[in-house]
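What follows is a single structure, written as structure tokens, with notes after it.
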Number of protein chains: 2
Amino acid sequence: MENNEPNLDAVFHALADPTRRAVLQALVKGEATVSDLAAPHDMGLPAFMKHLSVLEAAGLVKSDKVGRVRTCALDPATMIATERWFEEQRAFWQGRYAQLDDLVAALQGEKK
Amino acid sequence: MENNEPNLDAVFHALADPTRRAVLQALVKGEATVSDLAAPHDMGLPAFMKHLSVLEAAGLVKSDKVGRVRTCALDPATMIATERWFEEQRAFWQGRYAQLDDLVAALQGEKK
DNA sequence: CGGATACTTCACCACATGGAGAACAATGAA
DNA sequence: TTCATTGTTCTCCATGTGGTGAAGTATCCG
């Protein structure tokens, strides 16, 4: 395993913006070019490029430029690794907060 | 179930700071006063209060003041609800990224 | 070549954030 | 009452963030 420890500062900062979360969800459907990703968002390309840079710096997205087109794709490893942070936190809580098991169960049920 | 949908902007912004994550981890060990929480951090109380406010606005921490002492505690529901966002994202990826199952398995194994 | 396409960089601006210090409650103890 | 403790509020400042528009670069098309 490579050292895939996520930079939590960078990852959470990247996720703390609806535009950037929307980009991640758009990329779930497959790779996309910068212009395609930018189209739904009401801002200029320079501003959008900054969002992409934040995502890429956080390791959530990777991109490759061929010719004049940059194609972006998800880099799921960082997301998975970040999800583990939540699991670790929860491990500490569980058993300490009596009503937490019920709460988890309720949310899991709602999920179905 | 109450409407416990977390404000992802606020939650992720709150988590995108090492001081604030440290406060959450300190609170895992139990309730604590503002001064106790602030002690390990090299900054004045006013600055620290802002961090607490961010955590409380995000719904990650709740606090109660009795006398002149404010006691803070975790509010785990928001964390649990946010963890679900990751689960939802992963649900979309799974099956789409061929190598993802292996990746998840490797990380889960490392966790043990 | 000439022009359209797809970024990319640049200079700039408004506002939010994270910190400082000083002054101000409000409570508890002597 | 006097004083220390525990926040809290205030004003200020440096920096970061998210946006703009204009100009630049590199590629593809005809």
Side-chain angles (χ1 to χ4, degrees), chain A residues 6-27 29-75 78, chain B residues 6-27 29-75 78:
Chain A
N7 178 343
L8 292 175
D9 282 21
V11 171
F12 285 133
H13 173 243
L15 293 176
D17 181 290
T19 298
R20 293 193 286 257
R21 289 197 305 277
V23 169
L24 291 179
Q25 298 193 350
L27 285 176
K29 297 169 193 151
E31 298 182 344
T33 69
V34 170
S35 299
D36 287 348
L37 289 171
H41 303 286
D42 187 18
M43 67 182 69
L45 264 182
F48 188 78
M49 288 287 293
K50 289 188 189 176
H51 286 299
L52 273 186
S53 300
V54 170
L55 286 167
E56 207 161 350
L60 293 165
V61 164
K62 59 192 170 195
S63 71
D64 187 34
K65 187 167 185 175
V66 42
R68 58 186 164 168
V69 176
R70 178 173 297 278
T71 302
C72 303
L74 282 182
D75 192 354
T78 304
Chain B
N7 179 342
L8 292 175
D9 282 21
V11 171
F12 285 133
H13 173 245
L15 294 176
D17 182 290
T19 298
R20 294 194 285 259
R21 289 197 304 276
V23 169
L24 291 178
Q25 297 194 350
L27 286 176
K29 297 169 191 150
E31 298 183 344
T33 69
V34 171
S35 299
D36 287 348
L37 288 171
H41 302 286
D42 187 19
M43 67 182 70
L45 263 183
F48 187 77
M49 289 285 294
K50 289 187 189 177
H51 286 300
L52 273 186
S53 300
V54 170
L55 286 167
E56 207 161 349
L60 293 165
V61 165
K62 58 193 171 197
S63 71
D64 187 33
K65 188 168 184 177
V66 43
R68 58 185 164 171
V69 176
R70 178 173 296 280
T71 303
C72 302
L74 281 183
D75 191 355
T78 304

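Note that the structure is a prediction, hence the values are computed from the model and not measured. Below, chain A is the first sequence line, B the second, and so on; all start at residue 1.
The shortest heavy-atom contact between B:Ala73 and B:Glu31 is CB-CG, 3.9 Å. Listed here is the closest heavy atom pair of B:Ala16 and A:His13: CB-N, 3.4 Å.
Nearest to the side chain of B:His13, among C:dA20, C:dG18, D:dA22, sits C:dG18. Among the nucleotides C:dC10, C:dC7, D:dG18, the one closest to any side-chain atom of A:Pro46 is C:dC10. Here D:dT8 is the nucleotide among C:dG19, D:dT8, C:dC7 with the atom lying nearest to any side-chain atom of B:Leu45. Checked against D:dG7, C:dG18, D:dG18, the side chain of B:Lys50 finds its nearest nucleotide in C:dG18.
An OP1 or OP2 oxygen of D:dG7 is reached within less than 4.0 angstrom by a side-chain nitrogen or oxygen of B:Ser35.
Between the CE atom of A:Met49 and the C1' atom of D:dT20 there is a distance of 16 Å, given to the nearest Å. As a whole-Å value, the separation of B:Phe48 CZ from C:dG21 P is 17 Å. Atom pair B:Asp42:CG and C:dG21:P shows a separation of 10 Å (rounding to whole Å applied). In this structure, B:Asp17 places its CG atom 19 Å from P of C:dA16, rounding to the nearest Å. Note: CG (A:Asp64) to C1' (D:dT27) measures 15 Å, nearest angstrom. Separating the CZ atom of B:Arg70 from the P atom of C:dG28 is a distance of 14 Å, rounded to the nearest angstrom. Atoms NE2 (A:His51) and C1' (D:dG18) sit 6 Å apart, rounded to a whole Å. We find that CG of A:Asp36 is positioned 11 Å from C1' of C:dA6, with the value rounded to whole Å.
Between B:Leu15 and A:Leu8, every side-chain heavy-atom pair lies at or beyond the 4.5 Å cut-off.
Taking only distance into account, the side chain of B:Lys65 never meets the base of D:dG7 through a donor-acceptor pair shorter than 3.5 Å. The base of D:dT6 does not come close enough to the side chain of B:Arg68 for any donor and acceptor atom to sit less than 3.5 Å apart.
In this structure, the side chain of B:Arg20 engages the main chain of B:Ala14 through a donor-acceptor pair within 3.5 Å.
Residue A:Leu37 is tested with A:Leu27, A:Thr19, A:Thr71 for a side chain to side chain contact (heavy atoms under 4.5 Å, CB included); the sole match is A:Leu27.
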